[in-house]
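Please read the structure below before turning to the comments.
Worth saying up front: this structure is predicted, and the values here are computed from it rather than measured. Naming convention: chains lettered A, B, ... in sequence-line order (proteins, then strands); numbering from 1 in each chain.
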Amino acid sequence: MIGGSGQGGARDYRGIAVACPVTVPYVKQAKQPAHWFIGSALRMLLERTGLDKAAVDGLAVSSFSLGPDTTVALTEHFDMSPRWIEWLPTGGASGVMALRRAARAVQDGDASIVACIAGDTASPGDFGDLVRNFSRFSGTAAYPYGGAGPNGIFALITDHYMRRFGATRADFGRIAVSQRVNARDNPNALLGGKALSLDAYLAAPPIAEPLHLYDCVMPCAGAEAFLVMDEARARAMGLPHARIRGAIERHNGFFDDPVAERGGWAIDCDALYAQAGVGPEDVSCLQSYDDYPVIVALQLEGLGFCAQGEAPAFLRARDFTVEGNFPHNTCGGQLSSGQAGAAGGFLPVVEALRQVTYQPLGQQVPGARIALASGYGMVTYDRCLASGAVLVEGAA
Amino acid sequence: MTIRLQTCAGCGARQYPERDLCRVCLADELRLVDDHGRGRLIAETKLHRSLDPAFASELPLRIGTVALEAGVRLIAFLAPGAAPGDTVVLRAARRGEQTIFIAEKEQRE
Ligand SMILES: [Zn+2]
């Protein structure tokens, strides 16, 4: 199909292994720049695998606070001469996008071992600067209306969703509360030690109504990373790894919707499961992009777990904790771990990889085999533009 | 009271936020054209926090998403009484060096 919007003809990801999930511990604020977090993630990848730095011949990086540098500058910082690099300034979608690009590079022989890394620093004032200068449209048409940043935009999306589909604050509270339970044993979750009840969620101070404190992520510093290589190599190295069963991405999907009430996943959901040869019922755990609870609802709907508008009922009928019947954001997600800038966009992929390779930071989903990781990024005006998802399966 | 919207002389498309070319046909034929500014308020939020100290004294304040009859959407400040579902009319005003929009509930004669 030429010029169509489908994914007909997309090759599979056979022969590719995703391995070595690493996390540079999150901190609320950091003196070190983003380069330190990304380089520390690279060091952890090498320590965990015994690989020589020179063997890493591909480097894909995502960051918001690396400026003015990009991936190529990091090769100089780290004395590397890779034959393939990628730069992914796409935030919440960058984990899925890095995985897809790295997998193709290895399939095509342009790289043998790709390090995919997202990392950001955080210091007072950084977040305001990032929001003010995020995009031309947000600078001219969003920021002048109260300067609330993403909280204001996602408040509008949440308000519309609640009116249109009858969702309540308590429905969204189930997401935040279950993730706090999941974070309990994760030492990297900055809020993991603080229990959250539904009553406390509902009683929280308003930020941008209908959003209240526990609907919003806490900005922090940190990094997330993984390796992509040939499956034969991963086996030879004895690395626990996952295969890519299917992957999709979409940009500026449904751009005519006056308010975001669907994400691009809904366009490509069928193609994702067709490529994977599995259905939503085969997914052991969902790692969604949880910048705000309403976006989790859009992912439940867009990724085929329920129909549009039915996420509230789905939430009421399921237990989203690790030991429940719908394990979701099993490390606590960003809502409980903190949002380490672009690393928040890697977190779903890294946590999916941890679960299907049995290397969790916190709790393990019993019997996990197939995980779905999803991403959503770049609120350049009144919604995020980039969406993506990947199904990974642990290699027995 | 009218607002002005970027309009393509080639294909007639209207657009917001302003771009450098027509978003539909990519023609370099954009003009600012008067629009009645009527639309429907489809979402609202009351902001209690701002990243911009200039808004500190005005909090809480309400903003909303307006779907204009002209076929574009925009974010506007909400005048008292404008609620989601209402037909609203946009008024342009100056705030510092910026032109901003305020949505007011349409008065039925
Ligand atoms: Zn045109």
Side-chain angles (χ1 to χ4, degrees), chain A residues 124-164 204-213 215-216 219 252 254-261 292 294 379-383, chain B residues 3 5-6 13-20 23-24 39-78 83-86 90 92-103:
Chain A
D126 276 2
F127 190 70
D129 291 344
L130 177 67
V131 167
R132 253 187 305 283
N133 304 312
F134 199 73
S135 72
R136 272 178 59 189
F137 285 177
S138 66
T140 59
Y143 193 79
Y145 295 91
N151 288 337
I153 299 302
F154 286 91
L156 293 170
I157 293 172
T158 304
D159 178 71
H160 171 76
Y161 186 93
M162 292 171 80
R163 288 173 199 282
R164 167 100 201 263
I207 304 294
E209 292 181 69
L211 300 181
H212 294 63
L213 185 62
D215 294 306
C216 305
N252 201 24
F254 301 117
F255 59 79
D256 275 336
D257 287 353
V259 178
E261 58 181 33
Y292 297 89
V294 70
V379 53
T380 52
Y381 173 39
D382 67 349
R383 66 198 63 195
Chain B
I3 63 168
L5 285 179
Q6 231 181 14
R14 278 164 283 196
Q15 60 192 22
Y16 181 88
E18 291 187 4
R19 294 151 163 87
D20 308 294
R23 65 179 165 135
V24 178
R40 210 165 84 88
L41 180 60
I42 50 179
E44 70 164 335
T45 173
K46 186 193 279 186
L47 304 178
H48 294 263
R49 309 251 183 116
S50 174
L51 294 162
D52 193 332
F55 288 105
S57 64
E58 298 166 64
L59 297 173
L61 60 83
R62 293 196 313 142
I63 62 172
T65 299
V66 178
L68 287 180
E69 290 171 4
V72 302
R73 59 177 182 267
L74 46 73
I75 294 170
F77 290 109
L78 301 185
D86 286 349
L90 292 180
R94 298 293 291 178
R95 184 185 168 96
E97 295 178 359
Q98 204 127 23
T99 299
I100 49 96
F101 298 119
I102 301 164

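Atoms CZ and CG, on B:R73 and A:D256 in that order, are 7.5 Å from each other to the nearest 0.5 Å. Here the OG1 atom belonging to B:T65 is positioned 9.0 Å from the NE2 atom belonging to A:H160, to the nearest 0.5 angstrom. Atom OH of B:Y16 and atom CZ of A:F137 lie 10.0 Å apart (nearest 0.5 Å). Distance CG/B:L51 to CG/A:L130: 10.0 Å, rounded to 0.5 Å.
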*Verdict with supporting geometry, B:H48 and A:I207, side-chain contact (heavy atoms from CB on, under 4.5 Å)*: CA-CA 5 Å; B:H48 294 263; A:I207 304 294; 5.8 Å; no
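Ranked by non-hydrogen atom pairs under 4.5 Å with chain A, the options B:T99, B:I75, B:V66 are led by B:I75. The candidate from A:M162, A:R164, A:R163 with the greatest count of non-hydrogen atom pairs under 4.5 Å with chain B is A:R163. The residue among A:G146, A:A142, A:A141 with the most heavy atom pairs within less than 4.5 Å of chain B is A:G146. Options B:G71, B:G96, B:G85, B:P84 differ in how many heavy-atom pairs under 4.5 Å they form with chain A, and the most are formed by B:P84. With chain A as the partner, the residue from B:I100, B:L74, B:L59 showing the most heavy-atom pairs under 4.5 Å is B:I100. Note on A:G152, A:P205, A:P206: by heavy-atom pairs under 4.5 Å with chain B, the leading option is A:P206.
Checked by atom type and distance alone, the side chain of A:Y145 never pairs as donor or acceptor with a backbone atom of B:G64 at under 3.5 Å. A distance-only check finds a donor-acceptor pair linking the side chain of B:T45 to the backbone of A:E209 [under 3.5 Å].
Taking each heavy atom of A:L156 and B:I63 in turn, the nearest pair found is CD2-O, 3.9 Å. Minimum heavy-atom separation, A:G147 to B:S50: O-OG, 3.4 Å. Across B:L47 and A:A208, no two heavy atoms sit closer than the pair CD2-CB, 3.6 Å. Residues B:P17 and A:Y381 share a closest heavy-atom pair of CD-CE2, 3.6 Å.
Of the charged side-chain nitrogens involved, at least one lies within less than 4.0 Å of a carboxylate oxygen, so that A:R136 and B:D20 count as a salt-bridged pair.
Contact annotation for A:Y161: neither backbone nor side-chain heavy atoms come within less than 4.5 Å of a heavy atom of chain B. B:E18 touches chain A through its backbone: at least one of N, CA, C or O sits under 4.5 Å from a heavy atom, while the side chain does not. Using a 4.5 Å cut-off between heavy atoms, B:Q98 touches chain A through its side chain atoms alone. When heavy atoms are compared at a cutoff of 4.5 Å, A:I157 does not approach chain B at all. Looking at A:F154, neither its backbone nor its side chain comes within 4.5 Å of chain B, counting heavy atoms on both sides.
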